Amino acid sequence: MKNLIDILDLSTAEIDELINIADDIIDNPAKYREKCRYKKLATLFFEPSTRTRLSFEAAMMELGGNVLGFSEAQSSSSAKGESVADTVAVVGGYADIIAMRHPKEGAPLVASMRSEVPIINAGDGGHNHPTQTLTDLLTIKREMGCFENLTIGLCGDLKFGRTVHSLIAAMSRYEGVKFVLISPTELKLPSYVKDAHIKSKGIPYEQTTSLEEAMPKLDILYMTRVQKERFFNEEDYLRLKNSYILTPDKLQNAKLDMAILHPLPRVNEIATSVDDDKRACYFKQAKYGKFIRMALILKLLEVE
Ligand code: NCD
């Protein structure tokens with residue numbers, strides 16, 4: 001049995017395979033409508049979510065399966081003090097596969113050690129978010145055609161933004177990739193991520209506070225939300241929340257074929273007036289999330 005806890009649990013060949021399946025699902029949805037008949041996905045969400053949970057549920061439904069679960073910790077037995085390990089040990093008796101989001105870093109890993117069914121990390125605290133990365137990779141592949149030789153700007157909350165950490169881990173495996181890390185000093189990429197995936201591999205990178213200066217170099221601009229829920233005090237959040245606001249005028253010296261990605265939800269960091277720009281890919285990206293999760297469910301359940 002295989003779990004997806006960290007994006008590096010998948011080889012680049014396995015990622016290619018998932019992307020090929022997702023492409024085929026997009027082209028031939030009818031072929032997949034019965035693939036998971038009588039299978040059940042449990043979504044155990046101890047933290048808020050719209051896209052991740054609903055796209056997982058829609059994915060299982062489109063494969064002909066069923067879904068069960070909860071969307072807040074308060075409505076589960078964790079409110080009574082149950083451990084995640086015990087919760088998954090029990091839910092594994094009701095469902096064939098589990099997608100779990102938890103505010104504590106490492107909770108899905110702990111869960112996977114006690115689970116009899118595959119566990120998917122649907123976001124653990126400020127740590128990782130591998131299925132968002134699969135969504136991002138499918139978007140990059142469809143928009144740019146490949147993963148090699150891309151200069152990727154990551155902008156906003158690089159400290160607490162788990163999607164950023166997983167995306168850097170994934171992209172660091174491709175030839176010719178460069179990173180431009182754009183954030184306020186207080187929200188810089190944690191050194192454990194930088195050391196493991198950028199420095200140790202000798203990948204070229206720049207660190208800057210200026211989105212304007214970085215803009216002309218970028219093939220991909222990955223905007224992120226300042227992660228309010230991870231701040232220790234509100235004052236810091238209020239001071240930093242509007243550090244970057246992407247507006248049409250800031251895009252004037254961007255490449256014409258640059259892709260703008262954002263895992264969403266957006267708060268203020270991309271003006272709605274950018275949505276009509278040809279380079280804005282974030283709503284398409286959210287849509288792709290369902291297809292890559294369908295591919296992932298098929299793979300983890302070993303459905304042909
Ligand atoms: C992200 C997350 O939960 O980390 N959202 C998502 O899953 N698409 C990004 C965020 O909440 O800012």
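Along the sequence shown, residues carry numbers from 1. Keep in mind the model is a prediction, meaning the values are calculated, not measured. Indexing begins at 1, ligand by ligand and atom by atom, following the structure's order.
Judged by the 6.0 Å distance and 45° axis criteria, R101 is not positioned over the aromatic ring of F45.
Of all atoms in ligand 1, numbered sequentially from 1 with element shown, those under 4.0 Å from a heavy atom of P263 are 8 (N), 9 (C). In the vicinity of T52, heavy-atom distances shorter than 4.0 Å reach the ligand 1 atoms 6 (C), 7 (O).
Summary of contacts: the protein heavy atom closest to atom 9 (C) of ligand 1 is L264 O, 3.6 Å. Given atom 11 (O) of ligand 1, the protein heavy atom at minimum distance is R225 NH2, 2.9 Å. Among all non-hydrogen protein atoms, the one lying nearest atom 3 (O) of ligand 1 is R162 NH2, 2.8 Å.
Note on ligand 1: R101 sits in its first shell, one or more heavy atoms being nearer than 4.0 Å. Distances shorter than 4.0 angstrom occur between a heavy atom of P265 and an atom of ligand 1.
Side-chain contact, D136 with Y288: no donor N or O sits under 3.5 Å from an acceptor N or O. Using modelled atom types, one finds no donor on one side chain facing an acceptor on the other under 3.5 Å when comparing H262 with Q285.
Between E229 and ligand 1, a contact under 3.5 Å exists for no N or O pair. Of the N or O atoms in Q227, one or more lie within a sub-3.5 Å distance of an N or O in ligand 1.
For K39 and E34, the salt-bridge test fails: no basic side-chain N is under 4.0 Å from an acidic carboxylate O. Under the 4.0 Å criterion applied to side-chain N and carboxylate O atoms, K255 and D257 are not assigned as salt-bridge partners. Note on D86 versus R114: salt bridge recorded, some NZ/NE/NH1/NH2 to OD/OE distance being below 4.0 Å.
Within the 4.5 Å cutoff, no side-chain heavy atoms of T224 are placed close to those of L154.
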